[in-house]
Asks: 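I am attaching a structure below and will ask some questions about it afterwards.
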Number of protein chains: 2
Amino acid sequence: MSIKIHDCKDELREVDLRATPARVAVMSFLEKTEKPVDVNSVIDYLNTNGIKTNPATVFRMMNTLTQKGIIMPIQFYEGKTRYELSNKDDHHHLVCENCGKIEDISDGIIPNLEKEIRAKRKFKVLRHSLEFLGLCKTCQH
Amino acid sequence: MSIKIHDCKDELREVDLRATPARVAVMSFLEKTEKPVDVNSVIDYLNTNGIKTNPATVFRMMNTLTQKGIIMPIQFYEGKTRYELSNKDDHHHLVCENCGKIEDISDGIIPNLEKEIRAKRKFKVLRHSLEFLGLCKTCQH
DNA sequence: ATGGTTGCAAACACTTTGCACATGA
DNA sequence: TCATGTGCAAAGTGTTTGCAACCAT
């Protein structure tokens, strides 16, 4: 017999959300993509996979999943919001402003910095954004 | 005789921009505000100071000043862009998600991190964003 | 059965653009 | 003078909302 290592439906129900087809599809989309996705790419994915949906619904889904802590919003100065699963280890992004490639970078300094901020400034950090914008290896000429 | 320590007009002309009343006012507004400003607050400031202007003009100004490297855009997940003078020493922000207060925080780790990224990943960092969102001292109860 | 979800249409907020007019250098 | 900057109107893009119909539990 097989043990399900992972099931999007359970994941959703654990946070009191109904496992609708669109939500399940969004979850598996997020799991298979490397880089943070925007709402348009989610809509494209759903359409491609035979799930008819409406932009308003997708925006609502992303907001709901964000509130539940399943995904995290992220912005790269593009005038829109991207999202990624929040159950990743602490990492940040290298965003190429020429070709749009997004690389991950992990680093351990932020947790320490947050502790320091808490101690010295009495500010309770709930989330942070650390992104580097520039030129990737191949776009530097 | 007095030596002008600082003149917004000269600052603008140095980057080949004409010193129009609106631009000069925006520069002095940016110099006197502590926290990054959004376009609406710029418009309010201009109106309050007797300078009639149009939103499109302000958006154009902010874009122009950004391209010239005089100001820097910054986003706090509010769905809009803020701006601040770029001739500040390296600093980041603590943004209270309850009352909106924005505190500055300076720190020296980023330059080192950028050097490391350049060396190890061959990624050329042009700019970065490091913001902490959470609750300020008084909003934690 | 019924409350959470969705679709649709409309509205919002932010931002950009084309073009004629105005103005700083 | 004349290239640069501005005002105005219109449009573009991302996002939210009200409400009726729908569907997962």
Side-chain angles (χ1 to χ4, degrees), chain A residues 7-29 36-47 49-68 70-83 100, chain B residues 7-29 36-47 49-68 70-83 100:
Chain A
D7 187 328
C8 293
K9 293 188 181 181
D10 290 346
E11 219 167 331
L12 289 166
R13 290 179 186 131
E14 271 166 25
V15 292
D16 299 313
L17 292 180
R18 291 186 182 171
T20 66
R23 278 191 190 143
V24 172
V26 168
M27 291 297 289
S28 63
F29 180 44
V37 303
D38 61 15
V39 166
N40 278 333
S41 67
V42 172
I43 292 172
D44 289 348
Y45 177 82
L46 292 175
N47 287 339
N49 289 69
I51 299 176
K52 193 173 153 299
T53 193
N54 187 277
T57 301
V58 178
F59 278 106
R60 268 188 292 232
M61 276 195 294
M62 304 320 267
N63 287 338
T64 303
L65 294 174
T66 299
Q67 286 169 31
K68 294 294 186 179
I70 293 179
I71 64 178
M72 290 200 60
I74 184 171
Q75 298 183 171
F76 296 141
Y77 294 82
E78 304 166 295
K80 66 186 174 187
T81 303
R82 292 177 177 268
Y83 300 87
Chain B
D7 187 328
C8 293
K9 293 188 180 181
D10 290 346
E11 219 166 331
L12 289 166
R13 289 177 186 133
E14 271 166 26
V15 291
D16 299 312
L17 292 181
R18 292 186 181 170
T20 66
R23 277 188 189 146
V24 172
V26 168
M27 291 298 288
S28 63
F29 180 43
V37 303
D38 61 14
V39 166
N40 278 334
S41 67
V42 172
I43 293 172
D44 289 347
Y45 176 82
L46 293 176
N47 286 340
N49 289 68
I51 299 176
K52 194 173 154 301
T53 194
N54 188 278
T57 301
V58 178
F59 278 106
R60 267 187 292 230
M61 277 195 292
M62 304 320 268
N63 287 338
T64 304
L65 294 174
T66 299
Q67 286 169 33
K68 294 294 186 178
I70 293 180
I71 64 178
M72 291 200 59
I74 184 172
Q75 298 183 171
F76 295 142
Y77 293 83
E78 303 166 296
K80 66 186 174 187
T81 303
R82 291 176 178 270
Y83 300 88

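Just so you know, these numbers come straight off a predicted model, no measurement behind them. Throughout, protein chains are lettered first and strands after them, A, B, ... in sequence-line order, and every chain is numbered starting at 1.
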Asks: Can you give me the closest heavy-atom contact between B:K68 and B:D16, atom names plus distance?
Replies: NZ-CB, 4.4 Å
Asks: Is the base of D:dA3 touched by the side chain of B:R18 through a donor-acceptor pair closer than 3.5 angstrom?
Replies: yes
Asks: Closest heavy-atom contact between A:V58 and A:V42?
Replies: CG1-CG1, 3.7 Å
Asks: Atom CZ of A:F59 to atom C1' of D:dT17: distance rounded to whole Å?
Replies: 13 Å
Asks: Of all the choices, D:dT25, C:dA25, D:dG7, which nucleotide is nearest to the side chain of B:T53 once you look at every atom?
Replies: D:dG7
Asks: With a 4.5 Å cut-off on side-chain heavy atoms, are A:P55 and A:V39 touching?
Replies: no
Asks: Looking at every strand, decide which applies to A:N40 at a 4.0 Å heavy-atom threshold: base, sugar-phosphate, or nothing.
Replies: sugar-phosphate
Asks: Return yes if the base of C:dG4 and the side-chain atoms of A:R60 contain a donor-acceptor N/O pair under 3.5 Å, otherwise no.
Replies: no
Asks: Measure CG/B:D16 against C1'/D:dG5 and give the value in whole Å, please.
Replies: 14 Å
Asks: Can you check whether B:K52 has a side-chain N or O nearer than 4.0 Å to OP1 or OP2 of C:dA22?
Replies: no
Asks: Taking only side-chain nitrogens and oxygens of B:K80, does any of them come within less than 4.0 Å of OP1 or OP2 of D:dT15?
Replies: no
Asks: Nearest to the side chain of A:R23, heavy atoms from C-beta on, is which of C:dC14, D:dT25, C:dT5?
Replies: C:dT5
Asks: Which nucleotide, C:dT15, C:dT17, C:dT6, lies nearest any side-chain atom of B:A56?
Replies: C:dT17
Asks: Looking at A:N63, does any N or O in its side chain come under 4.0 Å of the phosphate oxygens OP1/OP2 on D:dT16?
Replies: yes
Asks: Rounded to whole Å, please give me the gap between CD in A:Q67 and C1' in C:dG4.
Replies: 14 Å
Asks: Checking side chain to side chain contact (heavy atoms under 4.5 Å, CB included) for the pair A:R23/A:R18: CA distance, chi angles, key distance, verdict?
Replies: CA-CA 8 Å; A:R23 278 191 190 143; A:R18 291 186 182 171; 4.2 Å; yes
Asks: Counting only side-chain N and O atoms of A:T81, is one of them less than 4.0 Å from OP1 or OP2 of D:dT15?
Replies: yes
Asks: Just by distance, with hydrogens left out, do B:N63 and B:T66 show a side-chain donor and acceptor under 3.5 Å apart?
Replies: no
Asks: Side chain of A:N54: nearest nucleotide among D:dT15, D:dT6, C:dG7?
Replies: C:dG7
Asks: Using whole Å, what does the distance between atom C1' of nucleotide D:dT16 and atom CE of A:M61 come to?
Replies: 15 Å
Asks: Can you see if the side chain of A:T20 gets near the phosphate of C:dT6 - specifically, an N or O under 4.0 Å from OP1 or OP2?
Replies: yes
